Amino acid sequence: MYRLLDAARSGAPWSLCALVFGLDDVLDAEGRPLHERRAPSLTKHGVPMELVACPYHDERRGRPMNASALEQLLRHFPAAAARVAGFRGMLGPLPRWEAMLRALLDLLAAPSLALLFQADSRAPLPAPIAAGYKLAAGYYSALLAVLEHEARAAPLEPTASSFLAFVREHRLLLGPSEACAGPTEHLTALTRILLDATPPPAPVEARRAGVAELLAAQARIALSWRLVDEAAEAALLDGAVELLPKNHVMADRLGDRRAELARRPPLVPARAAGPLLAAASATETNALAGAVDRWASGAAQPSESTAALVALLELGEGGYAIGGDRRLAAARLAALVALYRSFAGAQCRLERALRAHLSLPVEAGVELGAPLLPKGRGLAWLEALTGHHLVRPSELEVALHSHKRTIRLA
């Protein structure tokens, strides 16, 4: 995490999103790690970690619970709830899942913003800010699961009772050892605040609202890319490209993944783009939805990337051969790379908008890590077909690399 803070201060590539979700080695002013479970061992050395059986009468009962962390969370719950209520109320008439997403990201971004703007980036975080982060982390994962469910299946009624029922059904606030989210009445109260808070008597700092809006756009784009990538992978493995395994290991890998995808309901590309709703400006959203439509239509035009991929496939250095017309297969793979670059471009533009909003230098490169844009499984099959690793020489460039050569894809 400190690497990203140093990068932000020195002009090296970084991203606020990666910082928000990479605070593994940070301590708060009470000496507790911000990430109770993911923190490195040295960070947790000497920190009280009392594990007990969870006493709450729901799906968590009897599972390991970090009582020491929960005690801190409960002490700071009123302050965190008040922060949520003030911020959520300021957002006004937004779709309720979107308002909830922004309110959670406001809590999650608070530690990163504190570290970015305090003189000593290694100074401990205020404990209430750390507690708010911990409170939001499980909720955030649960809300992303709701948005994914809506893209795969059907809309969920945006109410506290529906959200909590979904959480219980899918066991979303469970962890192997970290603090649970607290008493049921706290979960219910916080969920209602996230969805139903009314405007506060005084406005909340406008900078927070802008940061949360842009981070929410990035979160939706990242989720949409993950779903689109799954649809792309399913299409590749279902006949868009004829894969001929060269050995039993490759055959087993292909068979296992096909079987896994067959157990899931088909993911329609247009629905996979559903999380883009309210993701950014209408122009940005429409551009990404159009890129998904063009890919899904299969009407890819010949490009320099197609020619480069044909040449790589003809070398036969991957774990699979191509049956049928290599040019058609290469065009399909090139279209997937172009789709990936469209999503990468959107994330980079949003990152620079975040920096401008925070009055930070915008010229530095953007680190497109997993929180912003995971490589995904579709492109992993491209690697398996060519025997080359996918690399990003710069933000919007994509290249395939091996010990023999590097091929840039336009």
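This one's a predicted model, so the numbers in the text were calculated from it and none came from an experiment.
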Can you tell whether the side chains of Arg355 and Glu363 come within less than 4.0 Å, N to carboxylate O? no
I want to check something: taking the side chain as every heavy atom from C-beta on, are Leu27 and Leu34 in contact at a cut-off of under 4.5 Å? no
Short N-O contact, Arg88 and Asp106, less than 4.0 angstrom: no
Do Arg32 and Glu71 sit within salt-bridge range, that is, some charged N less than 4.0 Å from a carboxylate O? no
Output the distance between atom CG (Leu19) and atom CD (Glu367), rounded to the nearest 0.5 Å. 10.5 Å
With no hydrogens and no angle check, is any side-chain donor or acceptor of Gln347 less than 3.5 Å from a backbone partner on Gln218? yes
Stepwise ring-ring contact (aromatic ring centres under 6.0 Å, His included) check, Tyr133 with Phe21: CA-CA 10 Å; Tyr133 184 96; Phe21 293 101; 7.6 Å; no
On the ring face of Trp14, is Arg9 found with NZ or CZ under 6.0 Å from the centre and within 45° of the axis? no
Arg349 bridged to Glu284 by N-O distance under 4.0 Å: yes
Validate the cation-pi geometry between Arg332 and Trp295: distance from NZ or CZ to the six-membered ring centre under 6.0 Å, angle to the ring axis within 45°. yes
Between Arg207 and Glu205, does at least one N-O distance fall below 4.0 Å, as a salt bridge requires? yes
Please evaluate residues Arg408 and Glu397 with respect to the criterion salt bridge (charged side-chain N to carboxylate O under 4.0 Å, His left out), reporting the C-alpha separation (whole Å), side-chain torsions for both, the decisive distance (0.1 Å), and the verdict. CA-CA 7 Å; Arg408 294 181 184 270; Glu397 289 185 330; 2.8 Å; yes
Atom NE2 of His149 with >12 non-hydrogen neighbours under 6.0 angstrom: yes
Parallel, tilted or perpendicular: which fits the ring planes of His186 and Phe77, with parallel below 30° and perpendicular above 60°? parallel
How are the rings of Tyr139 and Phe163 set relative to one another: parallel (under 30°), tilted (30 to 60°) or perpendicular (over 60°)? parallel
Can you tell whether the side chains of Lys375 and Glu383 come within less than 4.0 Å, N to carboxylate O? yes
Any salt bridge between Glu233 and Arg258, counting N to O under 4.0 Å? no
Is the shortest side-chain N to carboxylate O distance from Glu150 to Arg271 below 4.0 Å? no
